[in-house]
Structure formats: structure tokens, C-alpha cells
Amino acid sequence: MIRLIADSSSDRPGLAGVQYVPLIISTDEKSFVDNEHLDVNELLDYLASYKGRSYTACPSVDSWLSAYEGAEEIYAVTITSSLSGSYNAAMAARELYLQEHPSAKIAVFDSLSTGPEILLILEKIRELTDAGLPFEQVEQQVRKYMRHTRLFFSLQSLHNLSQNGRVSKVAAAAVGMLGIRIVGTASPEGTLAQLAKCRGDRKALPELMEQMKGAGFQGGKVRITHVRNPELADRFADLVRTTWPTADVAISQSTGLCSYYAESGAILAAFVTAG
Ligand code: X90
């Protein structure tokens, strides 16, 4: 049996039939499991009113192991290993599972990214497995595909990223000011790279468009997610469709983990470059 798995940094409901392994978001008084029962609005409202620190935890080796249970061909996609232990946990679970099930096959993909870029990778895996390709070829082609997937985003706050040591305090302070957003990308190493600072939503969209052009987007899939900002996501999608009429654009809401780190107002866009 073939199984597709991703950690919950991939936004859901994404692709039908994918199994998600949750990360956990918590404060000193409450924990939120990032699964299908999580109400993202409730999480964000609670965090906005909570004065103390908040944290996240990646899935345990055990939770990856139970996600593998019963499957023979497994494709698992994780959030960037540069910012989370999810990939290492998935790889440790892989070793344990293969000891018990020597004939099983498991490919773990480090997305070096998150959110909508994981969705693109899952869609690719699904396309190739649906076409009936053997495991080794699926793995090889997905790794090749991942060399051309990119993630860009615009964030209104870096508070939670800096509170948890995922970006520097200096970078975060500059964005804390009212109306200042950053435009950034997932670097080749899988970290957050800041590209520009923009005053206001309207300035961020042309900057994102320029970045997409510069990265070599020529039309094709674009997967957009947003945190409580459907208007900005729609405006961005319209711009993309006007500039590249062949683009295949889909919008969805960020779920728990990405909503927590990207924070209210954010949009993220993943796409595939030509060549
Ligand atoms: O293991 C854990 O506790 C999870 C830590 C995740 C930290 C980073 C999450 C980033 C979420 C923010 C914008 C996109 C940044 C992409 C950088 C590769 C989304």
C-alpha cells in the first residue's frame, strides 16, 4: 500500500488522502495540536490575548512511526530541517520502521521550506504514483522537481519567529513597526531570507511579483496560502493571472503551524520555475 504523509506545516485540507503528522503549538497554560480539529481562529485569538511566551514542538519519532504503520511504500515530506527537528524525527522513524519491515520503502523529503511548497511536492508525488511509476523513479523525479520549487512570502510580524530563535531579534524589531512588512524567501539552505521591506500591503504585491519574475516563473502552478488575509491573497492571485494567463493558481488558508509563525496578515506563495 502506498502512503503519502506530511507534517502539519503543510496547509490542510490540502490533498485528499494525505496523512498529516501534527506539530504542537503551546503556551505555559495550553497546548494546541495542529490537526483537523484545530480551530485556527481560536488559536490566533487566544495567542493575541495571551501575554506570556509561546512555543512549538515538532512531531516525535513515535508519531512518524505510527503514521508509517501498515504501509509498504511511503513518501513523507517535512518542514525545513534547518528550522525544525521534524525531518530528523521522520528519518529516525524510517530506520526503526525498516528494521521491522525490511521490504518496505520510505522516501523522506526535506522540503527546505514549508506551507504551500509542501503542497506542491505532495501534488507531484501524487501525480507520479497515480501514473504508476515505481518507487525509485518517483523518489528520483520528486527530488529533481524540488530543485525548481520556490517559496516567497510577505509577513507583517516576525515576533513568533524571533521569540523562538528562528530569525534574529534585530530583523524582527524592524518589522514590528506599524505597516512595515517584509518580503522574503526560503533560502537554498532552508532558512528565512529577507529580501525587502515594504510599507503596506500594496507595496508588497509588486515586490512579490518582481521576485517571482526574477526567480524565473513563467506560468504554471502557484499555490498561495494566507493567514487571515483573503483579500491580499485574492489580489495577488489576480495579479499573477493577469501577468501569466497560463498560471494555475489556488488559494487556501494557512493552518496551525504556519499561521503561528507567519502570523496574521501573511501571505505565502509557492511555485515552480522553468528549466
Ligand atoms: O519544530 C518546530 O517546533 C517547528 C519550527 C518551525 C519554524 C519555522 C516555521 C516557519 C513558518 C513562516 C514563513 C516562511 C519561512 C520559510 C523559511 C524556510 C512560516
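In listed order, ligands and their atoms are each counted from 1.
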At a non-hydrogen distance cut-off of under 4.0 Å, which region of L23 contacts ligand 1 (side chain, backbone, both, or neither)?
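The answer is the side chain of L23.
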Just heavy atoms, cut-off under 4.0 Å: does A57 contact ligand 1 by side chain, backbone, both, or neither?
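The answer is the backbone.
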Decide whether the shortest distance between a heavy atom of G115 and an atom of ligand 1 is less than 4.0 Å.
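Outside the 4.0 Å threshold, so no.
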Under a heavy-atom criterion of less than 4.0 Å, does S86 contact ligand 1?
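Not so, S86 does not reach ligand 1.
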Between [X] and [Y], do the side chains contain an N or O donor and an N or O acceptor separated by less than 3.5 Å?
X    : Y    : result
Q99  : E95  : no
D28  : Y55  : yes
T27  : Y46  : yes
S259 : S254 : no

Which residue holds the protein heavy atom closest to [atom], what is that atom called, and what is the gap in Å?
atom                    : value
atom 2 (C) of ligand 1  : T56 OG1, 3.4 Å
atom 1 (O) of ligand 1  : S84 OG, 2.7 Å
atom 8 (C) of ligand 1  : L83 CD1, 3.8 Å
atom 10 (C) of ligand 1 : Y261 CB, 3.8 Å
atom 16 (C) of ligand 1 : F153 CE2, 3.8 Å

More than 12 heavy atoms from other groups under 6.0 Å of NZ on K203
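Check fails, neighbour count at 12 or below.
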When you measure from the side chain of S10 to the backbone of A6, do you find a donor-acceptor pair of N or O atoms at a distance under 3.5 Å?
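No, the answer is negative, given that no donor and acceptor are paired below the 3.5 Å cut-off.
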Which option, A186, A89, A266, A193, owns the non-hydrogen atom nearest atom 18 (C) of ligand 1?
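Heavy atom nearest to atom 18 (C) of ligand 1 belongs to A186.
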State whether the shortest distance between N or O atoms of T80 and N or O atoms of ligand 1 falls below 3.5 angstrom.
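No.
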In the structure I gave you, are the side-chain heavy atoms of V249 and W244 within less than 4.5 Å of one another anywhere?
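Sidechains of W244 and V249: no contact.
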Cation over ring face, R150 and F271, 6.0 Å, 45°
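Verdict for F271: no cation-pi partner in R150.
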At a 4.0 Å threshold, what atoms of ligand 1 neighbour a non-hydrogen atom of I79?
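Close to I79: 6 (C), 9 (C).
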